[in-house]
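Working notes, beginning with the structure itself.
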Amino acid sequence: MVQGAANWNTEQTQEWLENYVDDWVSFYRKHTTEGKVASYIPILAEANRDHLGISIMGKDGMTIRSGDVDIPFTIQSISKVLSFITACMERGVGYMLDRVDVEPTGEAFNSIMHLEMKQVKKPFNPLINAGAITVTSILQGKTSDQKLKPILNLMEAMLGYRPAINVDVYESERDSSMRNRAIGYYLLETGFLESDLNITLETYFKQCSIEVTVDDLARIGMILANDGEDPKAEKEIIPRQVARIVKALMLTCGMYDASGKFATYVGIPAKSGVSGGIMAVAPPRVREEELPFIEGCGIGVYGPALDNKGNSIAGIRLLRHIAKQWDLSIF
Ligand code: GLN
C-alpha cells in the first residue's frame with residue numbers, strides 16, 4: 001500500500017493515510033476484548049476496555065489521528081523514560097550509568113526476585129520499577145514536588161503546556177502499591193537509594209500519575225526520533241547522547257518481558273505503561289522507495305485492555321501492523 005504518493009506531506013496524503021489508519025483501528029479494536037484493564041491500582045480498573053486511539057506525528061508536524069484520541073490517561077511507566085532523561089541532564093550520563101545498568105531482565109516490571117537472586121551491583125535498567133525508583137531517588141530536590149519539577153519542565157518544553165497530575169490516580173497508587181514499597185525497602189537495604197524512601201516513592205507515584213494524551217506521547221516520541229531536537233523550533237531539548245541511550249533502552253527494555261518480541265516483530269523503540277499507553281519512536285530510515293514518515297515520527301497509542309505482560313493488547317497489534325505496512329522497523 002505504500003507506493004503511489006509522490007509527496008507524503010500534502011493534505012491529500014494525510015487524508016489518505018488517515019483512512020487506512022481508521023480501518024486498522026476499527027479492525028484491532030476487536031482485540032481489546034482479549035485483554036484486561038489493570039486493577040492492582042484500583043482506579044485504573046475504571047478505564048473503558050474498548051478504547052483504542054492512536055496519534056502519529058511526523059517531523060514536519062503532519063499528524064495522523066484515529067480512534068479514541070481525546071481521552072486523557074496517566075502516563076504510568078512511560079514516565080520512567082522522562083525521569084531517566086531528567087536525571088541524566090541533572091547529573092550526567094556517567095553518574096547515572098554507574099548507578100543503574102542498561103540490561104534487560106526478562107522479568108516482569110515489578111519483579112524483586114532477580115535483584116535478590118543475582119546480588120546485583122545496581123538495578124538492571126531504568127525502565128523497570130527497581131531502576132526507575134532508584135533514578136527517582138537520584139533526582140535533585142528535597143520534596144517530591146521539587147524532584148518532579150524538572151520532569152514537568154521538560155514535558156512543558158516539549159508539549160507547550162504543563163501537564164497535570166491526576167490526584168485520584170496518585171492517591172489510589174499511593175494507597176495500594178505494596179509491591180513498590182517492598183522494592184523500595186529492598187533498594188534502601190542494599191544502599192541504592194540516594195534520597196529518603198518515602199519522598200522517593202511519593203515522587204514516583206506522582207510521576208506515574210501525570211496525565212497525557214496520545215498526541216502528547218506522539219510529540220515526545222517525535223522529538224526523540226529527531227535525536228532530542230524540536231524540529232520546528234530547531235532547539236535541542238534533550239541532549240543527543242541522552243536521546244540515543246534512551247532509545248536503546250526503550251528498544252531492549254521498554255516493553256518489559258515482551259521487549260524481545262516487540263523488537264523482533266515491530267522493530268522500533270517503545271515504552272508502555274499499565275494504564276494502556278505506548279510511546280513509540282520511529283527513527284528516520286534509509287529506503288529506496290517513498291514511505292510515509294521516512295524522516296521519522298513519534299507514535300502515541302492508548303488502549304487500556306492489557307495482555308498478560310501489562311502491555312496494551314490491541315495497541316501492540318496495531319503498532320505491529322502499521323510498522324509492517326509502512327516499513328518502520330529500524331532493522
Ligand atoms: N505505577 C505503576 C507501578 O509502578 C507503573 C507500572 C507500569 O506502568 N507498568 O506499578
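In listed order, ligands and their atoms are each counted from 1.
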- Flag if over 12 foreign heavy atoms under 6.0 Å of OH, Tyr95: yes
Starting from the N and O atoms of ligand 1, collect every protein N/O partner closer than 3.5 Å and put each pair on its own line with the distance to 0.1 Å.
residue	atom	partner	partner atom	Å
ligand 1	1 (N)	Gln76	OE1	2.6
ligand 1	1 (N)	Glu173	OE1	2.9
ligand 1	1 (N)	Glu173	OE2	2.7
ligand 1	4 (O)	Asn129	ND2	3.0
ligand 1	4 (O)	Asn180	ND2	3.0
ligand 1	4 (O)	Tyr204	OH	2.5
ligand 1	8 (O)	Ser77	N	3.1
ligand 1	8 (O)	Ser77	OG	2.7
ligand 1	8 (O)	Val274	N	2.8
ligand 1	9 (N)	Ser77	OG	3.0
ligand 1	9 (N)	Tyr256	OH	2.8
ligand 1	10 (O)	Tyr40	OH	2.6
ligand 1	10 (O)	Asn180	ND2	3.3

- Drop me the distance from Arg181's CZ to Tyr204's OH, to the nearest 0.5 angstrom. 12.5 Å
- Taking the six-membered ring for Trp and the single ring otherwise, decide whether the centroids of Tyr28 and Trp24 are under 6.0 Å apart. no
- Could you point out which residue of Ile133, Asn129, Thr200, Leu197 forms a side-chain contact (heavy atoms from CB on, under 4.5 Å) with Leu187? Ile133
- Student check: side-chain heavy atoms of Arg99 and Glu194 closer than 4.5 Å: yes
- Message: Whether Arg29 and Asp50 form a salt bridge (side-chain N of Lys/Arg under 4.0 Å from carboxylate O of Asp/Glu) is what I want to check.
- Response: no
